[in-house]
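Structure, as structure tokens:
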There are 2 protein chains.
Amino acid sequence: MKAVAKRQPDRTRQTLLECAFEEMHRSGFRAASLDAILESSGVTKGALYHHFGSKTQLGYAVVEEVVRPWIEAAWRPVVDADNCIDAAITVCRELTRTRSAHAIEYGCPFNNLINEMSPVDEGFRKRLQTILDDWRAGIVAAMRNGQERRVVRADVAAEDAAAFIIASIEGGVGLAKSKRSREFLESSMRGLVDYLESLRARPGQAAAVRHARPAQDGAVLAPTFKTSRS
Amino acid sequence: MKAVAKRQPDRTRQTLLECAFEEMHRSGFRAASLDAILESSGVTKGALYHHFGSKTQLGYAVVEEVVRPWIEAAWRPVVDADNCIDAAITVCRELTRTRSAHAIEYGCPFNNLINEMSPVDEGFRKRLQTILDDWRAGIVAAMRNGQERRVVRADVAAEDAAAFIIASIEGGVGLAKSKRSREFLESSMRGLVDYLESLRARPGQAAAVRHARPAQDGAVLAPTFKTSRS
DNA sequence: AAAGATTCATACTGGTCGGTATGTTGATGG
DNA sequence: CCATCAACATACCGACCAGTATGAATCTTT
């Protein structure tokens with residue numbers, strides 16, 4: 001019998017992925033040092049190059065197997081929820097509240113990788129694009145669903161709103177890196193929450209104007225208390 | 001008399017700054033190669049190190065003397081305008097329309113630098129932070145001004161809205177890099193324009209839920225067509 | 001248990017990059 | 001016209017880093 005298996009290729013691979021993810025999160029992909037990954041993981045270079053053909057291949061694997069699930073887990077609650085606006089607001093609140101100083105300082109790995117790698121590597125670009133597409137499609141589906149259930153205004157263009165929401169989140173997290181505090185992120189998120197509130201369907205509203213007008217007139221506004229801070 | 005001055009230190013410095021900016025825009029700061037900058041500028045390494053003490057100092061100078069004016073020029077129209085919402089919408093339209101494929105592919109230099117350098121270099125972080133602070137303060141001032149002129153809803157929290165707007169712009173430009181087309185940026189910008197429209201003060205509206213300001217109506221307004229799309 | 005493949009370990013290589021040492025040329029003041 | 005300094009130019013150095021060659025240890029299969 002063997003007390004502990006001396007060879008655990010799957011575990012080695014997983015350790016490598018996680019340490020590579022952290023190093024990439026701190027330094028970006030190009031500045032990520034293989035030696036640093038090897039040191040933090042306790043794996044040798046021979047093992048690394050047995051599991052991954054190159055640094056680039058390792059990076060691709062991190063995107064597919066770490067970043068992608070990470071992002072998907074974040075917005076899943078919104079897609080699964082009965083009321084996508086309530087769910088989205090909750091996610092936003094969680095996002096700012098649970099975020100450690102470390103996460104504030106280093107930002108969102110997904111956003112970081114897009115910014116760094118999309119212009120210089122097609123493999124990264126394509127993989128990151130599909131993650132973004134899926135994320136957006138999930139929000140679009142949630143909003144369409146919300147429109148059918150009459151919890152989201154019918155005149156909202158779901159594609160545009162989804163892109164706008166994702167952009168504001170990633171932009172807020174990204175820009176927060178330039179500040180010491182999380183003030184910017186929190187402030188931006190309050191703006192986002194206000195925007196999300198404005199997407200709620202109002203009780204007596206006639207639906208479906210969509211591409212005709214920006215809505216806004218006639219309807220008399222303002223969900224109010226649930227969101228009013230102060 | 002001299003036909004052409006053989007020594008033009010100011011011009012040499014400026015050329016260096018511009019070429020460094022372009023190289024940094026393409027590759028990021030850390031991956032920017034001094035040799036590439038020297039080749040594209042036709043300047044030698046000796047000249048570079050005469051004008052700048054190190055690559056980092058060169059980077060700082062690019063931030064202060066190229067990136068900062070670049071950003072300030074972008075939002076100045078909003079601050080100077082009579083109606084900041086109209087101006088902001090115009091700027092957004094310009095931003096997407098005039099943007100070349102190159103700019104789509106490589107994103108916003110300011111955002112790129114924050115994402116890349118803020119976590120790893122305090123000098124960059126501080127300089128970029130002040131640019132962001134100024135940008136945000138400019139929008140806040142414009143919105144407060146707009147609130148006094150009754151073109152912006154009185155219940156809007158200017159700080160939050162400004163952060164949110166900036167985040168959505170930079171996020172949209174950043175994420176657009178992962179797509180081949182500018183579709184994502186345009187879509188996100190349509191979402192932003194819709195949001196900006198929602199900030200307009202409405203004629204007969206009793207204002208101020210937010211900080212409980214009464215705000216007498218009577219002021220009329222609302223341009224409308226100037227901005228309505230489709 | 002032998003053979004063969006998988007999994008890992010070590011030492012080394014070629015290349016790139018930021019930075020420096022040192023030399024040369026042009027401008028400038030006396 | 002000479003001295004001095006600013007403004008360049010060239011050659012070189014050490015560090016780091018991705019990748020490889022080679023071999024050893026372990027597991028699997030028969």
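Letters go in sequence order (proteins before strands), and every chain restarts at 1.
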**Message:** So B:Ser33, base contact, sugar-phosphate only, or nothing? Heavy-atom distance under 4.0 Å.
**Reply:** sugar-phosphate
**Prompt:** C:dG23 P sits how many Å from B:Lys45 NZ, rounded?
**Reply:** 19 Å
**Message:** How about CD on B:Glu183, more than 12 heavy atoms from neighbouring residues, nucleotides or ligands closer than 6.0 Å, or not?
**Reply:** yes
**Prompt:** With a 3.5 Å cut-off and no angle check, do the side chains of B:Arg68 and B:Thr130 form a donor-acceptor pair?
**Reply:** yes
**Request:** Hey, could you give me each pair passing side-chain hydrogen bond (donor to acceptor under 3.5 Å, both in side chains) that has a residue in residues 48-61 of chain B? Not counting sequence neighbours.
**Result:** B:Tyr60-B:Asp121
**Request:** Would you mind reading off the distance between A:Leu58 atom CG and D:dC17 atom P, rounded to a whole angstrom?
**Result:** 15 Å
**Prompt:** Side chain of B:Thr44: nearest nucleotide among C:dA9, D:dC8, C:dG19?
**Reply:** D:dC8
**Fill in**
From CG of A:Leu34 across to C1' of D:dT20 the rounded distance in Å is 13 Å
**Request:** Would you mind telling me which of D:dA9, C:dC8, C:dA27 lies closest to the side-chain atoms of B:Ala47?
**Result:** D:dA9
**D:dC8 phosphate, OP1 or OP2, under 4.0 Å from B:His50 side-chain N/O** = no
**Message:** How many whole angstroms separate atom CG of B:Leu38 from atom C1' of D:dA11?
**Reply:** 14 Å
**Closest to the A:Arg7 side chain, choosing from C:dG19, D:dC27, C:dT10** = D:dC27
**Message:** Please determine whether a side-chain nitrogen or oxygen atom of B:His51 lies at a distance below 4.0 Å from atom OP1 or OP2 of D:dC8.
**Reply:** yes
**Request:** Measure from CD on A:Glu23 to P on D:dC17 and round the result to the nearest Å.
**Result:** 9 Å
**Asked** For B:Ala32, which contact category applies under a 4.0 Å heavy-atom criterion: base, sugar-phosphate, or nothing?
**Response** sugar-phosphate
**Message:** So, taking the atom named CD in B:Glu23 and the one named CG in B:Asp35, what distance separates them when rounded to the nearest 0.5 Å?
**Reply:** 10.0 Å
**Message:** C:dT7, OP1 or OP2 - any side-chain N/O from A:Thr12 closer than 4.0 Å?
**Reply:** no
**Message:** How many whole angstroms separate atom CZ of A:Phe52 from atom C1' of D:dT20?
**Reply:** 18 Å
**Request:** Can you tell me the distance, in whole Å, between the CD1 atom of B:Ile37 and the C1' atom of C:dC17?
**Result:** 12 Å
**Asked** Hey, is the main chain of B:Asn115 close enough, under 3.5 Å, to the side chain of A:Lys177 for a donor-acceptor pair?
**Response** yes
**Asked** In whole Å, what is the span from the CG atom of B:Asp35 to the P atom of C:dG15?
**Response** 15 Å
